[in-house]
Amino acid sequence: MEECVFCKIANKKIPAKVVYEDEEILAFDDINPQAPVHVLVIPKEHFASLNDMPGGKQKLLGRILIQAREIARQKGIGERGYRIVLNTEKDSGQDVFHIHFHILGGRRMSWPPG
Ligand code: 5GP
Ligand code: ZN
């Protein structure tokens, strides 16, 4: 099966600015940042979206969120605040169908989102 773009990044077939890596998780700068800090956090294993993650992966999902919090701290936006976004399927604007959490921060965010 053809690998998706984030599988290629996870497998080091295309480059990315990696900010965190362990056996299960990879975090890297977004190629088209929407805020001064814009990091994507993914499981290395391919799941197209949140809808495709089995219930048994709840520990992995939790680890990703805790790691995202740590990355926000390390990037210096932990205290002032940041937004974590998990776009899921078409209406959300999901473009890359390998589940990823966005960490956005370093500027004031508006609400409601577009
Ligand atoms: P989505 O709209 O699916 O939630 O977000 C996909 C994100 O992936 C976008 O913010 C886009 O800029 C980012 N992206 C797409 N292709 C690449 C790539 O090849 N490298 C990196 N670092 N980010 C990418
Ligand atoms: Zn993938």
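We count ligands from 1, going down the list as the structure has it; atoms in each ligand are counted the same way.
For atom 3 (O) of ligand 1, the closest non-hydrogen atom of the protein is Asp95 N, 2.6 Å. Closest protein heavy atom to atom 20 (N) of ligand 1: Ile9 CD1, 3.6 Å. Summary of contacts: the protein heavy atom closest to atom 8 (O) of ligand 1 is Phe6 CZ, 3.5 Å. Taking atom 22 (N) of ligand 1 as the reference point, the nearest protein heavy-atom neighbour is Asp29 O, 3.0 Å. If you check which protein heavy atom lies closest to atom 2 (O) of ligand 1, you get Gly93 O, 3.0 Å. In terms of protein heavy atoms, atom 19 (O) of ligand 1 is closest to Val5 CG2, 3.5 Å. Remark: minimum distance from atom 15 (C) of ligand 1 to any protein heavy atom is reached at Val96 CG2, 4.0 Å.
Inclusion of His38 in the set of residues having an N or O under 3.5 Å from an N or O of ligand 1 is not warranted. Residue-to-ligand polar distances keep Leu40 apart from ligand 1: every N/O pair is separated by 3.5 Å or more. Between Gln94 and ligand 1, not a single N/O pair is under 3.5 Å apart. Residue Ile14 has no nitrogen or oxygen atom sitting less than 3.5 Å from a nitrogen or oxygen atom of ligand 1, judged on distance alone.
To the nearest 0.5 angstrom, His46 atom NE2 is 5.5 Å from Cys7 atom SG. With rounding to the nearest 0.5 angstrom, the CG atom of Asn87 is 8.5 Å from the CG atom of Asp95. Atom OG of Ser110 is separated from atom CZ of Arg83 by 6.5 Å, given to the nearest 0.5 angstrom. Atom SG of Cys4 and atom CZ of Phe97 lie 11.0 Å apart (nearest 0.5 Å). Arg69 CZ to Ile66 CD1: the interatomic distance, rounded to the nearest 0.5 Å, is 4.0 Å.
Val85 and Leu40 end up in different hydrophobic clusters when Ile, Leu, Val, Met, Phe, Trp and Tyr side chains are linked at under 4.5 Å. A continuous path of Ile, Leu, Val, Met, Phe, Trp and Tyr side chains, each step under 4.5 Å between heavy atoms, connects Ile71 with Val37, placing both in one hydrophobic cluster.
A side-chain donor-acceptor contact under 3.5 Å links Thr88 to the backbone of Leu86. Not one N or O on the side chain of His98 forms a donor-acceptor pair closer than 3.5 Å with the backbone of Ser49.
Heavy-atom proximity to His102, at under 4.0 Å, picks out these atoms of ligand 1: 1 (P), 4 (O), 5 (O), 7 (C), 10 (O). Proximity to Asn32 (heavy-atom distance under 4.0 Å) selects the following atoms of ligand 1: 12 (O).
Nearest-heavy-atom check against atom 10 (O) of ligand 1 across Asp30, Asn87, Leu104, Ile31 picks out Asp30.
Taking the six-membered ring for Trp and the full ring otherwise, the centers of His100 and His102 sit less than 6.0 Å from each other.
Contact annotation for Phe97 and ligand 1: no heavy atom of the residue comes within less than 4.0 Å of the ligand. Counting heavy atoms closer than 4.0 Å to ligand 1, residue His100 contributes side-chain atoms (C-beta onward) but none from N, CA, C or O.
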Indicate every side-chain donor-acceptor pair of residues 21-28 with a distance under 3.5 Å to a residue at least two apart or in another chain.
{"residue": "Glu21", "atom": "OE1", "partner": "Lys12", "partner atom": "NZ", "Å": "3.0"}
{"residue": "Glu21", "atom": "OE2", "partner": "Lys12", "partner atom": "NZ", "Å": "3.0"}
{"residue": "Glu21", "atom": "OE2", "partner": "Lys44", "partner atom": "NZ", "Å": "2.8"}
{"residue": "Asp22", "atom": "OD1", "partner": "Glu24", "partner atom": "N", "Å": "2.8"}
{"residue": "Asp22", "atom": "OD1", "partner": "Ile25", "partner atom": "N", "Å": "2.8"}
{"residue": "Asp22", "atom": "OD2", "partner": "Tyr20", "partner atom": "OH", "Å": "2.6"}
{"residue": "Asp22", "atom": "OD2", "partner": "Arg63", "partner atom": "NH2", "Å": "2.5"}
{"residue": "Glu24", "atom": "OE1", "partner": "Arg63", "partner atom": "NH1", "Å": "2.6"}

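Within the sub-2.8 Å shell of the Zn ion (ligand 2), the protein contributes these N/O/S atoms: Cys4 SG, Cys7 SG, His46 ND1, His98 ND1.
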Report task. Under the side-chain contact (heavy atoms from CB on, under 4.5 Å) rule, what do Gln34 and Met109 come out as? Steps first, then yes or no, please. Result -> CA-CA 11 Å; Gln34 301 301 312; Met109 305 281 161; over 6 Å; no

**Report entry** side-chain contact (heavy atoms from CB on, under 4.5 Å) evaluation trace for Ile99 with Ile42
**Finding:** CA-CA 6 Å; Ile99 188 172; Ile42 66 168; over 6 Å; no

**Report entry** Steps toward side-chain contact (heavy atoms from CB on, under 4.5 Å) verdict (Leu61, Phe101)
**Finding:** CA-CA 10 Å; Leu61 278 172; Phe101 290 73; 3.9 Å; yes

